Protein chains: 4
Amino acid sequence: MPKIVDEQMREATRQRIMRQAASEFARLGFDQANINAIAEQAGIGKGTIYLYFENKRDLFLEMLRSIAQVQLTVIRAALAQEGTLRQRLERLFRAFAHLAEEESDNFNVYMSALYGVNRAFQAEATKLLRDYVAVIGLMLEQSQTRGEIHSHNIEATALMVLSLTESYILSAKVLGQSELVIVQQAGPVAELILRGIGTSVS
Amino acid sequence: MPKIVDEQMREATRQRIMRQAASEFARLGFDQANINAIAEQAGIGKGTIYLYFENKRDLFLEMLRSIAQVQLTVIRAALAQEGTLRQRLERLFRAFAHLAEEESDNFNVYMSALYGVNRAFQAEATKLLRDYVAVIGLMLEQSQTRGEIHSHNIEATALMVLSLTESYILSAKVLGQSELVIVQQAGPVAELILRGIGTSVS
Amino acid sequence: MPKIVDEQMREATRQRIMRQAASEFARLGFDQANINAIAEQAGIGKGTIYLYFENKRDLFLEMLRSIAQVQLTVIRAALAQEGTLRQRLERLFRAFAHLAEEESDNFNVYMSALYGVNRAFQAEATKLLRDYVAVIGLMLEQSQTRGEIHSHNIEATALMVLSLTESYILSAKVLGQSELVIVQQAGPVAELILRGIGTSVS
Amino acid sequence: MPKIVDEQMREATRQRIMRQAASEFARLGFDQANINAIAEQAGIGKGTIYLYFENKRDLFLEMLRSIAQVQLTVIRAALAQEGTLRQRLERLFRAFAHLAEEESDNFNVYMSALYGVNRAFQAEATKLLRDYVAVIGLMLEQSQTRGEIHSHNIEATALMVLSLTESYILSAKVLGQSELVIVQQAGPVAELILRGIGTSVS
DNA sequence: CATGAATGAGGGTTCATTCAT
DNA sequence: CATGAATGAACCCTCATTCAT
C-alpha cells in the first residue's frame, strides 16, 4: 500500500510545479509565462502539469493561494501576542522585508496580482488583501483592548498599516535598496505608524 | 507651408492613439491589449499605429512616459510652495485620489507598470518612480529649510510619503471605497506622516 | 476603385480554399484534416484562412453548402422537363456517376457528412438531404401529372430513387468500378425504378 | 489448469471492450472517440486495452470485423433457402431495418466506415462490402437456378439489391422515420427489386 | 501618409501510447 | 496480467507586424 508515499510524491510534485510557476510568473507575468518552460524547469513533461492543474489560469490561482497562505502564516507569527504594539509592528515590517528578499518571486507575484491590471485575478487578489487586512485588524483590536491605541475605524487603520509597510518595502526594492538598508527602517516606520494612529486616525 | 498644421495633426493623432492605448492597457494589461482594437478606437487603420510608434512595446513606454508627465505636473502643482507642509501633504493625497478617480486608466497603467511583474517595463517604471520621489524630496527639503521638519534621510522620508499616500489610495480602491471616503482620509494620513517624520525618521 | 476586382479576388481565394479543403477533408476526414496543409495547398498563409472562415468547422460547413449547391444545380439540370421520366431518371443516374468521378472529392465529402457519424454536421447534412429529396419529389409530381406514374407517397418514392441511384454509384465506386462501367447501368437502374414505382410503391 | 477459464475471461473482456468501443465510435466517430472513456465504460484500466489491441486503429478494425460477422450472420439467416425470392428479399429488408434499430451503434459504425471518408479504413470496409455482395449474389444464383430470375450480371444485381435496401433504410433513418414506418416499405421495395431484376438488369 | 489584407511564429491543451510498479 | 501516471507530438487559432497599393 504505497498510497501514502504516492500521496507525498504527488504533493511534492505539485509544490515543485507551483514553485517554478511562481518563478516564471514573477519574471514574465501571466501571459508571457510559458507552460512548457515551467514544466521543463520542474523536470516534468509538458502534459504532466495538466494532471495537477486544470489549466494555466488554475495553476496561477492555486499558486497565488499557496503564496498567500505562506505569507499569512509568516505575518500571523510576526503579530503574535508577545511584545508591545511597537515591537509587533517592527516584526511585521521585518517579516515583509524578509519575504520580499527570501521569497521575492512569491512576493512579486502576489503584489502583481494585487496591483496589476489583469482583472482575471483581481477578485482572488482582493480576497487575499482582505485576509491580510483582517489579520492586522485583529492585532489592532487586541492593542486597543490593551489600551495601546484608540481607533474608531480599525479597518482603515489596518489598511494604512499594511499599505505603508508593504508599499515602502516594494518601492525600496524597486529602487534597488538591499534588505539590510530596508530593515533599518523598521523602527522609524513603526514609530511613524504608532504616532499616526495614536490619536489622529479616527 | 502646411508644415505646422501637419505637425499639429500628427501630434494630435499621436495623443489620440496614446489615450486609447491607455484605456486598453488599463483594462486588459499589456499582453491582452489588442493593437487592432486600439487602432479602431482611435479611428485609424491598424497599420497607421506603426507610423507613430515602433511597436507595441514602444507604444506602451511612450504612453507610460506621457502619463508620468501629466501625473508629475499634477503632483508638482499640489506641492507648490504656498501653504504649510500639512496642507501640501493633504493636497498631495487629494491629488492622487483625484488621479485615481478621474484618470483611473492612467493611474492603473502606471501602478501596474510599477508594481506589476513584467520586467520588460521595470527599468522605465523605476525611472518614473525616481522622478516622483525626487519631486517629493524637493518639497521636503524646502520644509526642512523652513524648519517644519528635521530629517537626516530625505530620500527615505520621501519614499515613505509616496508609499503611504499612493498605496493607501490603491488599496482603498481595490477594496471598493469611493473617492469621497478616500479623500476624507487626507487629514489623518497627513497628520500621520507629519508626526511620523517630525522627529523619528532619521 | 478596385473594389470589384478585389471582390472577385476575394471570392476566387474563398473558392480556392474550399476546393483544397474538400480535397483534404475527402482524404482524411474532418478531424484528421489539417488547416495548415489546406492553407499550403491553397497557396496562402496559415492565418489567412481565418480571414475567410470563422474556424475549421465553419470552413467545413461552408464547403459542404457550396458542394450541395453545385450538386443540386447539376441534378436540377438532369431532371429538367424535357424527355420522358425514364430519360430523366437515366440523366439523373449519369449525372451522379459523373459527379462521383469528376468531383469525387466533393462527392465523397458530401456522402461522408450524410452517412458518417460526426454528429456535429448531421443537422446540416440532413437539410441537404431534404433538398435533394425535394427536387426529385418535384419531378415525380410532374410525372404524376403527366400520368407517367401513380404514387401515393411521393416523398418515400423520391427517397427510394435517390437512395438507389446514389448508393449504387457509391458502392460501385467503393468496389473500384470505372465510370464507364457504372454509367452502363443507367438504363437498367432506371428501368428498375420505373417498373418498381409504376404501380407497386404506394 | 485454469487455462480455459482464463481464455474465456480474456475473450469476454475483449468482447466487452469492443462493445463499448462500438458505442463510443458510433457516437463520436473514430477521431473524437476517446480510448480512456472506452476503458472506463468497459470497467478496465486505460492501459489494459493495449493488452488486447495493438492500438486505437487496430481496435477499430477488429470491432468492425466483429460487427460485420454479426451482420453477415443475420443476413445469411434472412436469406436462408426457405421461401420465394420475394419473401427472402423482404426478410433481408426487415433484417437490415432491425439491425439499424436494435444495433444502431453497430449499424452506424459499419455505415460510417463504408461511406465515410477516412481512407485508413476503406480497404477493410471494401472487404466487408464484398462479403455482403457475395452473400446476396449467392442467393441470387440460387434463385436463378430455380428460375425465379434471369440475370446476366449477378454481381451488379447483388450490388443493386444491397444498395437499395441498405441505403433506403439509412436515408429513412437520417430523415427520422421510425422502424415501424420503415418496415412497411419491405413489400414495396421487394416488389420494386423483383420487377426491376426480372428481365431488365442484364 | 494611410490602409488593411496577408502572414506565420507561438502556445495552451488534448490524448494515444508507454512502462514502472 | 493490470494499472494509470507520465509523456510529448500534434494542432487550431490569435495577433503583432509588414508591405503593396
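Small disclaimer: the values here were computed from a predicted structure and weren't measured.
Nucleic acid contact for D:Tyr52: sugar-phosphate only, since backbone atoms but no base atoms lie under 4.0 Å from a heavy atom of the residue.
Taking the side chain of B:Leu51 as heavy atoms from C-beta on, and the options F:dA2, E:dT3, E:dT7, the nearest nucleotide is E:dT3.
When the salt bridge (charged side-chain N to carboxylate O under 4.0 Å, His left out) test is applied to A:Arg27, the partners found at least two apart in sequence or on another chain are A:Glu24. With sequence neighbours left out, the side chain to side chain contact (heavy atoms under 4.5 Å, CB included) criterion links B:Arg16 to B:Thr13, B:Arg19, B:Ile44. For the side chain to side chain contact (heavy atoms under 4.5 Å, CB included) test, residues two or more places apart in sequence or in another chain that qualify with D:Glu62 are D:Arg14, D:Met18, D:Phe53, D:Asp58, D:Arg65.
One can place CZ of A:Arg14 at 15 Å from P of F:dA5, the figure rounded to the nearest angstrom. F:dT7 atom C1' lies 10 Å from atom CD1 of A:Ile44, rounded to whole Å. Rounded to whole Å, atom P of F:dT7 lies 12 Å from atom CD of A:Glu40. Taking atom CD1 on C:Ile49 and atom P on E:dA5, their separation rounds to 17 Å, with Å as the unit. For the pair A:Phe53 CZ and E:dG12 P, the computed distance is 15 Å after rounding to whole Å.
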Heavy-atom protein contacts under 4.0 Å, nucleotides 9-14 of chain F, coded B base, S sugar-phosphate only, - none:
-BSSBB
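The CG atom of A:Asp105 sits 9.5 Å away from atom CE of A:Met63, with the distance rounded to the nearest 0.5 Å. C:Glu11 CD to C:Asp6 CG: the interatomic distance, rounded to the nearest 0.5 Å, is 13.0 Å. With rounding to the nearest 0.5 angstrom, the CG atom of B:Asp131 is 11.0 Å from the OG1 atom of B:Thr126. Between the CD1 atom in B:Ile38 and the NZ atom in B:Lys56 there is a gap of 7.0 Å [rounded to 0.5 Å].
Counting only heavy atoms from C-beta outward, the side chains of C:Ile35 and C:Tyr50 approach each other to under 4.5 Å. A heavy-atom distance below 4.5 Å is not found between the side chains of C:Asp31 and D:Phe30. In this structure, the side chains of B:Asn106 and B:Val70 stay at 4.5 Å or more apart for every pair of heavy atoms.
Within residues 15-29 of chain D, no residue has a heavy atom under 4.0 Å from DNA chain E.
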Where does DNA chain F pair, written as one dot-bracket string 5' to 3', with Watson-Crick or G-U pairs under 3.5 Å, ( ) inside the strand, [ ] for crossing pairs and | for another strand?
.||||||||||||||||||||
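Annotation: of the two residues near DNA chain E, B:Gly45 and A:Thr48, the 5′-most nearest-nucleotide partner is B:Gly45.
The ring-ring contact (aromatic ring centres under 6.0 Å, His included) with A:Phe25 is formed by just one residue from the set A:Tyr110, A:Phe121, A:Phe60; it is A:Phe60.
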